[in-house]
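All chains are named by letter (A, B, ...) in the order of the sequence lines, taking the proteins before the strands, and each is independently numbered beginning at 1. Because only heavy atoms are used, hydrogens play no part in the values below, and waters and symmetry mates are left out as well, while side chains stay in.
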Amino acid sequence: MSKSKINKKLGFRLGFLIALFFLFFIGPFFLPHEPFETNISQAFLPPSSQHIFGTDNLGRCIFCRIIAGGKISVFTSLAVMTLSSVIGSILGIIAGYYGGIWDKIISDIITVFQAFPSFVLAIAIAGILGQSIKNAIIALCAVYWITYAKLSRSLVQQIRSDNYIKAAWLCGAPPTSIFFKYILPSIIGSLFITVVLDIGSVILSMAGLSFLGLGAVRPTAEWGAVISESRNFMQQAPWIIGFNGLALFLVVIGFNLFGEAMDEKINCK
Amino acid sequence: MLKQISKKVIHAAFLLLGITLVSFTLSYLSPGDPAQIQLSQSGMRVNPETLARMQTELGLDRPMLVQYLSWLKGILTGNMGFSYKSKKSVALLLSSALPNTLLLTIFSLLLMIIISTPIGVICAYKKEGIFDHIIRVLTYLFSSLPSFFISLVMLYIFALQLHWVPVLPSGLSGIILPALTMSLCLSAWYIRQIRSMILKEMEKKYVIGLTAKGFSDHTILFQHVLKNCMAPLITLFSMSFGSMLGGSAIIESIFVWNGVGKLAVDSISARDYPVIQGYVVWMAILFLLINFSVEILCQIIDPRIRREGLAK
Amino acid sequence: MNNILNVKNLNVCYGETAALKGIDFSLPQGQAVSFIGESGSGKTTLLSAIAGLLPKGSQISGDIEFIGQNFYALSEKKRRQILGNQIGIIFQNPELFLDPTEKIGKQMEDYIMLQHHIKRKDTHNKIYDILNQLSFPDVKSVLSAYPFELSGGMCQRISIAMVLSCENTKLILADEPTSALDQIIRSQTAKLLVDTQKKLQASLLLVTHDIKLAQDVSDYIGVMYKGKLIEWGTAEEIFISPYHDYTKALIAASPKKDTDFLHFRMYDATTDSKEFLRKEISPGHWVLI
């Protein structure tokens with residue numbers, strides 16, 4: 001595929017993400033209705049010109065709640081991604097770069113954490129710590145850091161044995177400079193791509209936790225939590241679940257497509 | 001071969017130790033005071049006296065290491081404590097729920113294999129064809145949807161609208177919808193994996209070698225390519241087992257299937273920590289056992305791994 | 001004498017790059033030809049084209065006549081039937097071209113079953129017979145080994161054994177058969193190849209950059225350069241009196257820069273579209289100018 005085609009694809013998808021960003025962070029200031037205001041007389045209205053996505057059991061506008069909830073769904077996932085990738089990468093780099101006892105300890109910790117099915121661990125941590133966004137973030141970080149630790153560790157190990165690193169070391173370059181000048185730039189590309197491609201999965205996991213009652217607290221409009229609450233009205237108002245699901249879907253696809261376009265661009269160089 | 005297995009067993013034992021440590025630490029760090037919860041659950045008055053007594057009763061005044069060791073000893077003898085809510089033995093609760101989860105997981109796994117393997121193979125064989133494109137789009141869409149959403153949609157369509165299945169199922173027939181849902185969720189990922197695995201295998205030189213000998217594409221695909229994909233495929237299964245054990249929580253809740261997943265979710269809402277702790281440990285052990293068996297199975301299947309292992 | 005192979009104006013392109021241009025030659029029955037040239041000259045592409053094993057997406061034009069039949073006019077199924085039956089192929093890294101998870105014995109049985117339409121138990125005599133003909137030291141252990149457990153030379157012998165097992169073989173294609181082998185084994189393997197050719201009374205088309213191998217084995221030599229066949233003649237003519245400067249350089253094993261070939265236009269199939277002319281040196285020996 002030609003270079004310009006790849007760039008165009010990347011541009012479009014980045015544009016989509018930026019649009020989403022604006023929608024969720026700036027959008028709430030321009031909503032036609034109040035997302036948290038209840039009005040029982042308006043409950044269970046199907047989608048109409050008044051309420052584009054209809055209303056829920058308390059008469060709240062679903063469209064507005066989705067926009068309001070987007071901040072949480074997206075922002076918390078980004079927080080998880082940032083924390084887990086940074087912590088995981090640091091640990092992985094230490095293990096890969098210094099080797100020896102550090103590698104053994106960190107690798108053993110990784111192996112133990114990996115022994116747990118990921119969602120089981122997340123539920124357990126979030127469940128035991130209590131229902132809150134903060135605890136959900138902690139729970140997901142405990143699951144996702146492993147990927148970054150393993151990845152950065154193996155990347156660093158690969159590069160460490162490369163000849164140009166050995167040459168730099170022989171020339172007397174201090175370890176920190178070797179790290180920042182050579183190792184970090186080489187691995188940051190792969191790490192970044194993995195982060196972007198994983199965001200979708202984090203968003204879904206976060207929604208899953210909220211669905212089970214472990215993340216967002218009422219009356220937050222987090223999409224997973226809303227879907228969970230609307231379970232009982234599935235027959236009367238299936239659009240609540242439908243539209244929230246759609247929102248999750250679009251955001252996840254947005255990030256996945258962007259990640260793939262980035263992947264293509266980097267690999268085609 | 002035996003030496004390898006015994007090495008693995010020792011490794012697994014260490015792992016189990018680590019697992020129990022993590023689970024215990026989790027509980028230990030929990031914000032709630034078990035003594036307080038226990039008291040309020042049983043309806044007794046909470047004052048400094050009763051609290052202190054309950055704490056001694058539960059052994060909470062001992063140092064952490066001692067508590068951990070006694071809990072560990074308990075696990076080894078099958079005693080994992082008692083549920084705050086129902087007062088029943090955690091081991092009992094888990095062991096009566098586990099068979100249901102295993103049933104669901106195995107059934108879903110079988111369904112997933114039956115659905116995705118032929119589709120994945122066809123997609124690889126007729127690469128870039130119409131079928132391949134349609135399937136790729138579908139799998140992409142499915143893997144971008146949360147499992148709870150797919151579950152609710154399935155429930156809506158098949159139970160509420162079409163009335164093919166009752167909403168609250170009784171008996172074994174209740175396994176159909178959750179199993180189908182679980183297998184659909186995972187098939188999306190699995191189809192793509194199997195497709196790329198087969199394509200990668202078809203790039204290998206021995207495929208050209210076999211073509212040069214006059215073997216038909218059919219023979220090459222089924223008697224050689226697929227056969228050589230067996231070991232990595234089985235490893236793939238074990239990975240999906242982990243997702244299934246984890247995803248069972250959501251699916252069992254939605255479809256009201258009384259497995260450990262539903263038990264865990266209910267316990268979480270009830271802040272029933274001993275049950276959650278037991279759940280985590282058991283699932284980890286189960287996962288470990290499965291991975292262990294899969295590794296051994298792969299060794300038996302792929303001669304390269306077997307012979308390399310012996311050479312070491 | 002009939003020609004086993006008649007190639008007329010063969011062109012092969014991978015996408016926009018031309019890999020072979022205007023290849024013309026004929027190989028008489030029972031004779032051996034070696035195509036020599038540097039890496040990238042298109043030798044392997046030529047062999048793949050004749051075998052019908054070009055990768056998907058390549059465009060091929062021109063005629064390849066195999067035993068009087070237009071090879072590419074045949075259906076895919078017919079072509080596949082010819083492969084392994086009338087055309088036997090030997091590859092450069094033989095251990096890579098065998099199924100790594102099956103024992104050698106099984107792979108030989110499968111092949112013989114396919115080509116002779118007999119049952120598995122009836123293949124054993126034939127296998128033992130052939131392996132003994134090729135003087136395998138320990139037949140039993142070879143048959144129960146996996147490809148990765150045998151040396152390159154041993155695997156190559158197995159490949160040759162498989163070709164020998166099919167009496168229908170009229171043409172043996174060999175792509176750098178000895179290049180991946182140790183020096184000591186090379187001449188041994190070459191001899192094996194020639195013996196097999198004689199036994200089957202087949203023709204041999206060899207592709208190699210090993211000039212000595214070409215000398216030992218061939219009746220005819222074709223010299224390839226950047227996708228073009230620039231000189232063709234009998235082995236004697238080429239080795240004793242090569243005409244083209246490039247051929248001389250190749251044989252002397254001292255390649256010169258392109259600018260040294262002042263008397264001849266060095267065509268590049270990937271970039272040149274001009275017509276080229278043949279100059280006949282003596283009957284059957286010609287040069288591209």
Looking at B:Phe148, B:Phe14, B:Phe287, which makes the most heavy-atom pairs under 4.5 Å with chain A? B:Phe148
Does A:Lys150 NZ have over 12 foreign heavy atoms under 6.0 Å away? no
Below 4.5 Å from any heavy atom of chain A, which atoms of B:Tyr156 appear? Answer side chain, backbone, both or neither. both
Partner chain A: residue of B:Met283, B:Gln277, B:Met244 with the largest heavy-atom pair count (under 4.5 Å): B:Met283
Which of the residues B:Ile150, B:Val265, B:Leu141 is involved in the greatest number of heavy-atom pairs with chain A at under 4.5 angstrom? B:Leu141
Contact class of A:Gln114 relative to chain B, heavy atoms under 4.5 angstrom: backbone
So do A:Arg153 and A:Ile106 actually touch side chain to side chain, heavy atoms under 4.5 Å? no
Chain B contact via A:Phe211 - side chain, backbone, both or neither, heavy atoms under 4.5 Å: side chain
Can you tell me how the ring of B:Tyr68 sits relative to the ring of B:Phe24, calling it parallel under 30°, perpendicular over 60° and tilted otherwise? tilted
I need the A:Met81 CE to A:Cys141 SG distance, nearest 0.5 Å. 8.5 Å
Using a cut-off of 6.0 Å, state whether more than 12 heavy atoms not belonging to A:Phe21 lie near its atom CZ. no
Is the closest side-chain donor-acceptor distance between A:Asp198 and A:Tyr148 under 3.5 Å? yes
Does B:Tyr140 offer a backbone N or O that forms a donor-acceptor pair with the side chain of B:Ser143 under 3.5 Å? yes
Identify which part of B:Val22 has an atom lying under 4.5 Å from any heavy atom of chain A, answering side chain, backbone, both or neither. side chain
If you count heavy-atom pairs under 4.5 Å with chain A, which of B:Leu245, B:Leu145, B:Ile285, B:Leu152 comes out on top? B:Leu152
If we define contacts as heavy-atom pairs under 4.5 Å, which of A:Ser118, A:Gly213, A:Gly200, A:Pro238 has the most with chain B? A:Pro238
Pick from B:Gly246, B:Gly247, B:Gly261 with the largest number of heavy-atom pairs that fall under 4.5 Å of chain A: B:Gly246
Using heavy-atom distances under 4.5 Å, tell me whether A:Leu209 contacts chain B through its side chain, its backbone, both, or neither. neither
Verify ring-ring contact (aromatic ring centres under 6.0 Å, His included) between B:Phe107 and B:Trp257, making sure each step is shown before the conclusion. CA-CA 13 Å; B:Phe107 195 48; B:Trp257 180 258; 9.4 Å; no
Answer key: most heavy-atom pairs under 4.5 Å with chain B among A:Ile241, A:Asn244, A:Leu248 is A:Ile241
In terms of heavy-atom pairs under 4.5 Å, which option from A:Asn135, A:Leu246, A:Val251, A:Leu257 contacts chain B the most? A:Leu257
Judged by atom type as modelled, is there a donor-acceptor pair below 3.5 Å linking the side chain of A:Trp223 to the main-chain atoms of A:Ile66? yes
Do B:Thr139 and B:Tyr190 meet the criterion of a side-chain donor-acceptor pair at a distance under 3.5 Å? no
Contacting moiety of A:Leu250, where chain B heavy atoms sit under 4.5 Å: neither
Side chain / backbone / both / neither for B:Ser269 at chain A, heavy atoms under 4.5 Å: neither
One option among B:Leu286, B:Leu17, B:Ile268, B:Val281 has the most heavy-atom pairs under 4.5 Å with chain A, and it is B:Ile268
